Each structure stands twice: as C-alpha cells, then as structure tokens.
J.: 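Quick one: this structure, given as structure tokens, is what I'll be asking you about.
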Amino acid sequence: MKMSSPAATALLVACICLLGLFSPAVRAEDPYLFFTWKVSYGTMSPLGVPQQVILINDQFPGPNINSTTNNNIVINVFNNLDEPLLFTWNGIQHRKNSWQDGMPGTNCPILPGTNYTYHYQMKDQIGSFFYFPSTGMQRAVGGFGGIRVNSRLLIPVPFDDPADDYTVLIGDWYTKSHKALANTLDAGQNIGNPNGVLINGKTGKDSSGKDDPPLFIMEAGKTYRYRMCNVGLKLALNFRIQGHVMKLVEMDGSHTVQNVYESLDIHVGQCLSVLVTADQPPRDYYMATSARFTKYSRNATGIIRYAGSSTPPSQDLPPAPVGWAWSLNQWRSFRWNLTASAARPNPQGSYHYGGINITRTIKLLSNVGLVDGKRRYALNGVSHENPATPLKLAQYFGIADKVFQYNIISDDPAPETTNSIKVAPNVVNCTFRDYIEIILENPERSIQCYHLDGYSFFPLGMGHGKWSPSSRDTYNLLDTVSRHTIQVYPRSWTAIGLTFDNSGMWNIRSEMWERHYLGQQLYFSVLCSARSLRDEYSLPATQMLCGEVVGLPTPPPYT
C-alpha cells in the first residue's frame, strides 16, 4: 500500500533522528589563520649605530599574531637569510605536537632560500606570548614579535573589554651582529653587558635626545590593555608608566588576582598583561623600562599620548626599585584567579595541584666551567649540544641510540660530580602523566631564568640558599600562578611542579641566551608507549628531514 505524503514525511524525520543517535556528531573545524612571512636582513640603528637586523615582512619587531583560542595557525616562512632559520613560539603548548615547536631538538632548520610551513593550534590557551628565532644567536638582532590568544566571545574574561589592546616588547640590545656575538662565544669569551634597552625596537630618543613620536594613544577616561613581554637576551627589566598604576590581569597565559602595581619586574622570556586607565590630566606620559640587578644603568622610554594633547611629558621619571628582595616579595604577591572562566591555560594539570602526590623530584643544578679552555654552561654537569639529527626525529625513526643517550644526568646531582662539565646531547626520559617536582638551583651571584616548552607549570616556591625537602613547607599549594617561564634569584632555588601529560620532546632552557647557546638546556622526552593519536600526532607529511633519518623508511603512523 502506498503511504500518504504526511506519513512518508513523518517516517523520513524519524529515520533521520534515529540515524543521528548512531552517527558521530559533525562539527565545523576550528578557524584557520594564514600568514606568509618573508624573513630577511635589513640595516637599522636601534641604538644609533647602523647594524644588521632580522626583519619579517620588512618589519622590526615582527608582526603580531592576533588569534583566538583553538585557532589553527598556518605560517609559511620564507628564509631569505644566508643561514639556517627556525622559529619557536614561547609559551604556546603545541598539545601532542612537538613537531611544530621550532627548536633544534625537534625540527630540522629551514635552509637559506627555502620555505617551511608551520601548522599548529592555540589549543585551550589564552593570554600573551611571543615568538623568536631559535637558531644560534639570531634572537639578538630581531625576528621576534608578539602573540595574542584571545578568549572566545561566548567565554567571559574577568574584566571588561578594553578600549584597545597594545603590545609592548621590551628587551636588552647589543650593537654587534648576531654572528659576531656567536663568534665571541665560540672563542670562549664573554659577550659582555648589553649596550642598551629597547621598547618596541626603540630607545625612545633620537640622536639629538629628542623624544620619539608617541607609541600609543589613549582617550581620557578609557581603559587599555598593555601586553608586555621581555624578549631580550640577558636582563630582567622593570616596567612602569609615569603617573599611572597598572592592574595586573594575566601572566604567561593565566588570569591573575587583579592587584594594582606602580611597577612590575618582567624577567627574560616572561609576558604579562595590565589594564591602565587614562585617569590623569591630558598630556604625554612616559613608559619607562630599566635594568634590574646590575651595577650599570640601561633604560628606555616611550611616550603614551592622551588624544588631542600637545603637552610634553614631565622629565621627572618614576624610579625603579632596588634589590632582588623587592622582586621576590612582588612575586609572592601574584595569585592565580581561580574563579575566572575562560580557556583553561593549564589543561594538563589540576587546579588542586597541592593535593597531587609527587612521583619524582628532579634537581637541576646550574654549572659554569671550561671545556677545552672555553666557557660552557651546564645543568647537572652536562652542557647540551644539538646533534645534526634532531632528537625527536631520531627517536621517531628508531635510531635514538645512534644520536644520543638517555638519562646521562642524575635526578639529584652531588656537588662534586658537577665540577667537570661534559658536552653531549642531554635528554631525560619522563613517564607519561607523572606529576614531577623540578628544583632549579642557582649557586651564582647573578639572576637566572628558565623556560619549559610544551607546558605551563606551577611555581611552587622560591628561597635563598640550597633547597631541601623541608623547603616544601614554604610552598604555595593553593593559588600560585601557572606559568611557562620562571626566575631563580642569586644563590637561591625555585621549585616548580607539573604533570607530564603532553607527549613529545620538550626543551627546558635558560632564557639567558648566552647561557642557552653555550649549553644550559636539556630535553624532556615524554613518550606514550601506546603510539596512539589520542596522545601524540604522527610525523607530519610535510616535515623536513635531515641528518641520519634522510632516506630511512617512514615508520607507520600512530593510530
């Protein structure tokens, strides 16, 4: 019997509904952002001395990457330099995807005259980050820029939308070329003190001492977001704005309790966001940044102008704080905003990190010494050296034993074992999903700073002298701010905690680039034995190959 039209329609709808119960949900893919970068040399005079710098699309600093949580980022990099090139994305976690991390331990370099396309996702992240060239000493002469990861529109952040969003890249600067700096270090000599400090590539003054044009404009009564990153090589910097206070709202991708500060210490590799309200009489005001923990003075200024004003800034600059105890106390005032609802910046850990049992404690002791008469920096007596075959590729292709050895350092080095320094690839095996405590010990008189790729971590505590198990009694086990870069004060220790649940090969390094270049770094190998796409992505089909893996059959992909 032939069904009537209404009956047929009802049956069709029922079938569609039933099919939906057994079919996987269909989701639109997260948005893509495409960039083309042409990397080249140029001549500029940031400190009044003409020198070679690295430009991206003829820009110095490089262009901002302005993205939103979970965006797919596709960057086609054309290397027009006369040497190999890599970019790394400081603070971007690359979930399951260390293939895109852009460090020599994970990626083959982009050779001169060639191009390579990075493809990664801002997975479950918000906040302020930056990128830079990770090869050699290239970071010393540019190639860096800001990264913004905004929250999705439907996910509220713990402050109102600002009138505008400004990126402020601060950092020390040398007038020598990156090749000259590298040659100096290769010869066993020290590169010395930076020649100056820059804000967005400028000192704030021209050759005659006249102020540069304003960097930013504010309208009276409105509130603005300033994202500051220390992209330098060596110096911790203090940042302040004349006549204005700064409300801290985010650090390294984590929302903070919104305390108000007159000045903020920003250590090498760190980023933070503040809200500044234009609540002063309309005129020009100085931003100022200056070196911390040094016997010499290095500083820079930049002008913020109130719209419509022509009144120059007061020459009475706010002073910088003195001493590292002030800085330590400021760090202790930072607290995580546990009630903020946005993309979780620490998906791999737990917000109740204080209740997780520590599976393993790794103490990393900073060392400096001579190898064949030349200065090297090390961790636990081993100064890292990058092999011709990236560590991750050697591991993936099953030839790790031909390229490096695992675990050549111990978790708890005895002081006498680190008097001599060994130069070798330094790779530490870590168990997938273990909660690890890492102790960073600094026996030197200068401040240090460390960054970990692939993760954010919990800075549990800091203290003077040597760490001991009783130091755990001083830990903040409730609301320390989850970060990716942390300072270690002179002759002091810093303890961090994290869950190693992001599979891959991840670099932990000194952010003082002279120390990094001379070996103060290592790689954590976090493997999931299941070889499952649930835990890690397979080798991308477009991945560059080099060294011992060239010509080898490609291993079967993860499933």
Side-chain angles (χ1 to χ4, degrees), residues 88-95 122 124-131 146-149 158 170 227-231 236-237 239 248-259 261 264-274 327-338 340 342-351 353-354 356 364 435-440 442 447-463 475-489 492-502 506-512 524:
T88 193
W89 323 92
N90 212 63
I92 303 303
Q93 292 177 11
H94 302 294
R95 300 293 299 168
M122 305 298 196
D124 294 324
Q125 288 193 259
I126 52 93
S128 309
F129 313 94
F130 69 96
Y131 61 85
I147 300 175
R148 302 176 185 175
V149 186
I170 60 177
R227 302 175 187 253
M228 292 94 74
C229 295
N230 186 336
V231 299
L237 298 171
F239 183 86
L248 182 66
V249 295
E250 176 255 333
M251 306 179 78
D252 289 350
S254 296
H255 288 133
T256 64
V257 172
Q258 295 177 12
N259 295 326
Y261 299 89
L264 285 159
D265 278 354
I266 308 174
H267 301 274
V268 181
Q270 294 181 347
C271 294
L272 54 83
S273 290
V274 298
S327 184
L328 174 59
N329 286 331
Q330 183 176 82
W331 173 79
R332 287 172 173 158
S333 75
F334 299 149
R335 290 290 184 267
W336 206 3
N337 187 341
L338 300 180
R344 290 302 191 191
N346 189 56
Q348 73 276 11
S350 166
Y351 281 89
Y353 63 92
I356 305 176
L364 297 179
Y435 184 76
I436 305 291
E437 176 189 48
I438 300 173
I439 312 302
L440 302 165
N442 175 14
I447 194 168
Q448 297 181 7
C449 206
Y450 290 91
H451 170 86
L452 175 59
D453 284 346
Y455 293 89
S456 59
F457 52 71
F458 302 104
L460 302 171
M462 296 181 184
Y475 285 2
N476 176 355
L477 298 179
L478 177 63
D479 60 355
T480 189
V481 181
S482 178
R483 308 195 70 174
H484 56 69
T485 305
I486 198 65
Q487 69 273 17
V488 190
Y489 291 102
S492 299
W493 58 268
T494 293
I496 65 175
L498 71 152
T499 300
F500 272 126
D501 75 340
N502 189 14
W506 304 109
N507 187 231
I508 183 169
R509 58 178 177 265
S510 171
E511 280 287 72
M512 277 68 171
F524 287 126

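The residues of the chain are indexed from 1 along the displayed sequence. Bear in mind the structure is a predicted one, so any value in this text is a computation, not a measurement.
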J.: Which heavy atom of F129 sits nearest a heavy atom of G253, and at what distance?
T.: CZ-CA, 3.8 Å
J.: Which atom names give the shortest non-hydrogen contact between T480 and P459, and what distance separates them?
T.: OG1-O, 2.6 Å
J.: Has S456 got a side-chain atom pairing as donor or acceptor with R483's backbone, closer than 3.5 angstrom?
T.: no
J.: Closer than 3.5 angstrom, by distance alone: can the side chain of Q125 be matched with the main-chain N or O of G91 as a donor-acceptor pair?
T.: yes
J.: Any side-chain donor-acceptor pair under 3.5 Å between Y489 and S327?
T.: yes
J.: Which atoms form the tightest heavy-atom contact between G497 and Y435, and what is the distance?
T.: CA-OH, 3.8 Å
J.: Evaluate the side-chain proximity of V481 to H255: yes if any heavy-atom separation is below 4.5 Å, no if none is.
T.: no
J.: Are the side chains of Q330 and Y261 in touch, meaning some heavy atoms are under 4.5 Å apart?
T.: yes
J.: Donor-acceptor pair, N90 side chain versus G269 backbone, under 3.5 Å?
T.: yes
J.: Rounded to the nearest 0.5 Å, what's the gap from CD on Q93 to CE on M122? Could you check?
T.: 11.5 Å
J.: Take L272 and S128 through the test side-chain contact (heavy atoms from CB on, under 4.5 Å) and record every step on the way to the result.
T.: CA-CA 7 Å; L272 54 83; S128 309; over 6 Å; no
J.: Please round to the nearest 0.5 Å and tell me the distance separating atom OG of S482 and atom CZ of F457.
T.: 8.0 Å
J.: Do L248 and Q258 have side chains that get closer than 4.5 Å, going by heavy atoms?
T.: no
J.: Looking only at atom types and distance, does a side-chain atom of N259 sit under 3.5 Å from a main-chain N or O of S333, one as donor and one as acceptor?
T.: yes
J.: Looking at N502 and G454, what are the two nearest heavy atoms and their distance?
T.: ND2-O, 2.8 Å
J.: Between R227 and G127 (side chain of the first, backbone of the second, donor and acceptor by atom type, cut-off under 3.5 Å), is there such a pair?
T.: yes
J.: Mind running side-chain contact (heavy atoms from CB on, under 4.5 Å) on L460 and I496 for me, showing each step along the way?
T.: CA-CA 5 Å; L460 302 171; I496 65 175; 5.6 Å; no
J.: So, using ring pair (Phe, Tyr, Trp, His ring centres under 6.0 Å) as the criterion, who are the partners of F239 when residues are at least two apart?
T.: none
J.: When rounded to the nearest 0.5 angstrom, what is the spacing between CZ in R335 and OG1 in T256?
T.: 11.5 Å
J.: Using the ring of each side chain (for Trp, its six-membered ring), is Y475 parallel, tilted or perpendicular to W493, with breaks at 30° and 60°?
T.: tilted
J.: Would you say the side-chain atoms of H267 and D265 include a donor-acceptor pair closer than 3.5 Å?
T.: no
J.: Kindly indicate whether the side chain of F524, heavy atoms from C-beta on, has any atom under 4.5 Å from the side chain of L452.
T.: yes
J.: Under the side-chain contact (heavy atoms from CB on, under 4.5 Å) rule, what do V274 and M228 come out as? Steps first, then yes or no, please.
T.: CA-CA 8 Å; V274 298; M228 292 94 74; 3.9 Å; yes
J.: Would you call the rings of F500 and Y455 parallel, tilted or perpendicular if under 30° counts as parallel and over 60° as perpendicular?
T.: perpendicular
J.: What is the ring orientation for F458 with Y353, classed by angle as parallel under 30°, tilted 30 to 60°, or perpendicular over 60°?
T.: parallel
J.: Applying side-chain contact (heavy atoms from CB on, under 4.5 Å) to I147 and Y131, what does each step give before you reach the verdict?
T.: CA-CA 7 Å; I147 300 175; Y131 61 85; 3.9 Å; yes
J.: Ignoring hydrogens and angles, tell me if any N or O in the side chain of H451 forms a donor-acceptor pair with the backbone of H484 under 3.5 Å.
T.: yes
J.: Measuring from T494:OG1 to L364:CG, what's the distance to the nearest 0.5 Å?
T.: 12.0 Å
J.: Are D124 and R95 packed together at the side-chain level, in the sense that at least one heavy-atom pair is separated by less than 4.5 angstrom?
T.: no
J.: Mind checking the CG-CG spacing from L237 to N230? Nearest 0.5 Å is all I need.
T.: 4.5 Å
J.: Which atom names give the shortest non-hydrogen contact between I486 and W331, and what distance separates them?
T.: CD1-NE1, 3.8 Å
J.: Which value, rounded to the nearest 0.5 Å, describes the distance between N442 atom CG and C449 atom SG?
T.: 11.0 Å
J.: Quick check: closest heavy atoms across W506 and D453, and the distance to 0.1 Å?
T.: CB-O, 3.5 Å
J.: Judged by atom type as modelled, is there a donor-acceptor pair below 3.5 Å linking the side chain of Q270 to the main-chain atoms of T485?
T.: yes
